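What follows is a short report on a single structure.
Residue numbers begin at 1 in each chain, while the letters A, B, ... track the order of the sequences. Please read all numbers here as calculations on a predicted model, not as lab measurements.
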Number of protein chains: 2
Amino acid sequence: MNADYLKKLKQDHFKITPKRRAILDLFDREDKCLTPETIWEHLKKTFKQSGLPGIYRNLELFVKQGILIRIDREGRKRYYALCHDHSGHHHHHIVCVECGRVDDFPVCHFPDIKSTKGYKILSHSMQINGICKSCQ
Amino acid sequence: MNADYLKKLKQDHFKITPKRRAILDLFDREDKCLTPETIWEHLKKTFKQSGLPGIYRNLELFVKQGILIRIDREGRKRYYALCHDHSGHHHHHIVCVECGRVDDFPVCHFPDIKSTKGYKILSHSMQINGICKSCQ
DNA sequence: CTATAAATAGAAATAATTTCTGTTTATCCT
DNA sequence: AGGATAAACAGAAATTATTTCTATTTATAG
Ligand SMILES: [Mn+2]
Ligand SMILES: [Mn+2]
Ligand SMILES: [Zn+2]
Ligand SMILES: [Zn+2]
């Protein structure tokens, strides 16, 4: 849970600030993907002072740390969600197109090849879209 | 090739305009993913009159028609590329992170399951990133 | 407790995308 | 070929998500 993420931050010499705690807490509570602005709306309840640029910066930091992932949805906004996996194992995510809930997709089916069609393969990204139990 | 795309448009009662031809020709010639603005720069050479909103509209039309796909790259711009497959077979794409070249990735390894973790699966998207032969 | 670099707020800038309106044009039908 | 029609278009303007900048605050190591 949350403490693991904070430990990960501390390990890499990033500061544990109240805002950062609050962002991670929010993701824990909401259990779905969120936009920077939605997060900001929530934070403003607790911190009457709070800037959107700080949200953006922290979200990108969390992605670099493997704590959050970016989610693709309709529309022109960004979405982020908790990765939920602390082992660092490669895996993918399934997203509810209705409510934005995100869960780990247990395994990766992509073959472990290093090249195809003359390309040297570096990475792959994948997202599964569906409808979660409670939205069905 | 190009004629197939035009046929597809005509079938669905979309007009074959010089701009549309020019956009598809450009993709054929460039053989990589392009941003709306890049396309616009090229079109302006031939059509001194030419508006960016028209480019945006056409690109989204082509995506709906399965002629183009959207490509994720670094930065905040959109990229589009030819799908290159007229059979309509489900498949994915590999993108050169250096030059933006895009090729069909022959097969899809994602299992044909209809549900997981309580989700009803609707779709999945995937992109393979690598370095193409000429960029290595 | 202090020094210090990291994090922040707030305002402003940036730039991609969309919307709107009036005009043009591809296509269908005589 | 000529005319009617809806689709496509240009151009300007609006929108809005994201980034940059600067001065101030704050978490943390020593
Ligand atoms: Mn995960
Ligand atoms: Mn393809
Ligand atoms: Zn749901
Ligand atoms: Zn390349």
Side-chain angles (χ1 to χ4, degrees), chain A residues 3 5-26 33-65 67-68 70-80 100, chain B residues 3 5-26 33-65 67-68 70-80 100:
Chain A
Y5 300 136
L6 301 179
K7 193 184 300 177
K8 194 180 284 190
L9 284 179
K10 187 154 268 179
Q11 274 174 1
D12 290 348
H13 308 100
F14 292 107
K15 292 182 178 175
I16 312 297
T17 67
K19 302 274 163 68
R20 284 178 177 167
R21 284 177 193 280
I23 292 173
L24 293 175
D25 282 349
L26 179 62
C33 57
L34 301 167
T35 65
E37 194 168 8
T38 307
I39 295 163
W40 186 46
E41 301 294 347
H42 276 90
L43 282 223
K44 279 196 294 192
K45 292 173 190 164
T46 316
F47 308 89
K48 53 189 182 320
Q49 304 269 88
S50 154
L52 202 37
I55 307 278
Y56 276 92
R57 254 182 289 113
N58 280 320
L59 292 173
E60 279 307 301
L61 169 67
F62 293 154
V63 169
K64 270 200 214 97
Q65 293 288 301
I67 294 169
L68 296 183
R70 287 184 61 165
I71 296 291
D72 285 330
R73 299 194 77 183
E74 289 300 312
R76 50 211 272 210
K77 288 182 185 158
R78 283 188 195 170
Y79 290 83
Y80 295 84
Chain B
Y5 300 135
L6 300 179
K7 195 185 299 178
K8 194 180 283 189
L9 285 179
K10 188 154 270 180
Q11 273 174 3
D12 289 348
H13 307 102
F14 292 108
K15 293 182 179 175
I16 311 299
T17 68
K19 302 274 163 66
R20 284 179 177 166
R21 283 177 193 279
I23 293 173
L24 294 175
D25 281 349
L26 179 62
C33 58
L34 302 167
T35 65
E37 196 170 5
T38 307
I39 296 163
W40 186 46
E41 301 294 349
H42 276 91
L43 283 223
K44 280 196 294 193
K45 292 174 191 165
T46 316
F47 307 88
K48 53 190 182 321
Q49 304 269 88
S50 153
L52 203 37
I55 308 279
Y56 275 91
R57 256 183 289 113
N58 281 319
L59 291 173
E60 279 308 301
L61 169 67
F62 293 154
V63 169
K64 272 201 212 97
Q65 293 286 301
I67 294 168
L68 296 183
R70 287 184 61 164
I71 296 291
D72 286 329
R73 301 193 76 182
E74 290 301 312
R76 53 211 272 212
K77 288 184 186 158
R78 284 190 194 168
Y79 290 83
Y80 295 85

How many whole angstroms separate atom [atom1] of [X] from atom [atom2] of [N]?
{"X": "B:Arg21", "N": "C:dT25", "atom1": "CZ", "atom2": "P", "answer": "16 Å"}
{"X": "A:Gln11", "N": "D:dT28", "atom1": "CD", "atom2": "C1'", "answer": "17 Å"}
{"X": "A:Arg20", "N": "C:dA6", "atom1": "CZ", "atom2": "C1'", "answer": "8 Å"}
{"X": "B:Ile16", "N": "D:dA7", "atom1": "CD1", "atom2": "C1'", "answer": "12 Å"}
{"X": "A:Glu74", "N": "C:dT17", "atom1": "CD", "atom2": "P", "answer": "15 Å"}
{"X": "A:Tyr80", "N": "D:dA17", "atom1": "OH", "atom2": "P", "answer": "14 Å"}
{"X": "B:Asp12", "N": "D:dA8", "atom1": "CG", "atom2": "P", "answer": "11 Å"}
{"X": "A:Trp40", "N": "C:dT8", "atom1": "CH2", "atom2": "P", "answer": "15 Å"}

Where each residue is assigned the nucleotide of DNA chain C containing its nearest heavy atom, which of B:Lys15 and A:Phe47 is assigned the position nearer the 5′ end?
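Closest to the 5' end, via its nearest nucleotide, is A:Phe47.
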By nearest heavy atom, map B:Glu37 and B:Phe14 onto DNA chain C; which one lands nearer the 5' end?
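Nearer the 5' end of the strand: B:Glu37.
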Reference residue A:Tyr80; test side chain to side chain contact (heavy atoms under 4.5 Å, CB included); the match among A:Val63, A:Thr38, A:Ile71
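In the set A:Val63, A:Thr38, A:Ile71, the residue that makes a side chain to side chain contact (heavy atoms under 4.5 Å, CB included) with A:Tyr80 is A:Val63.
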OP1 or OP2 of [N] under 4.0 Å from side-chain N/O of [X]:
{"X": "A:Arg76", "N": "D:dT16", "value": "no"}
{"X": "B:Tyr56", "N": "C:dT17", "value": "yes"}
{"X": "B:Arg78", "N": "C:dT17", "value": "yes"}
{"X": "B:Gln49", "N": "D:dG11", "value": "yes"}
{"X": "A:Thr17", "N": "C:dT8", "value": "yes"}

Of A:Glu60 and B:Leu61, whose nearest nucleotide on DNA chain D comes first from the 5' end?
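Per heavy-atom nearest nucleotide, the more 5' residue is B:Leu61.
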What's [X] touching, base or sugar-phosphate or nothing? Going by heavy atoms closer than 4.0 Å.
{"X": "B:Thr35", "value": "nothing"}
{"X": "A:Lys77", "value": "sugar-phosphate"}
{"X": "B:Arg57", "value": "base"}

Nearest 0.5 Å, what's the CG-CG distance between A:Leu43 and A:Leu52?
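The CG atom of A:Leu52 is 10.0 Å from CG of A:Leu43, to the nearest 0.5 Å.
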How long is the span from the OG atom in A:Ser50 to the CD1 atom in A:Ile23, to the nearest 0.5 Å?
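Those atoms lie 8.0 Å apart.
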Provide the closest heavy-atom pair for [X] versus [Y] in the form atom of the first, atom of the second, distance.
{"X": "A:Gln49", "Y": "A:Lys19", "answer": "O-NZ, 3.4 Å"}
{"X": "B:Lys8", "Y": "B:Gln65", "answer": "CD-O, 3.3 Å"}
{"X": "A:Pro36", "Y": "A:Ile55", "answer": "O-CG2, 3.7 Å"}

Taking only the side-chain heavy atoms of [X] (C-beta and beyond), determine which of [options] contains the nearest atom.
{"X": "A:Pro53", "options": "D:dT18, C:dA5, C:dG10", "result": "C:dG10"}
{"X": "B:Leu52", "options": "C:dT17, C:dA9, D:dT26", "result": "C:dT17"}
{"X": "B:Lys19", "options": "C:dA9, D:dC9, C:dT25", "result": "D:dC9"}
{"X": "A:Asn58", "options": "C:dT8, D:dT18, D:dT28", "result": "C:dT8"}

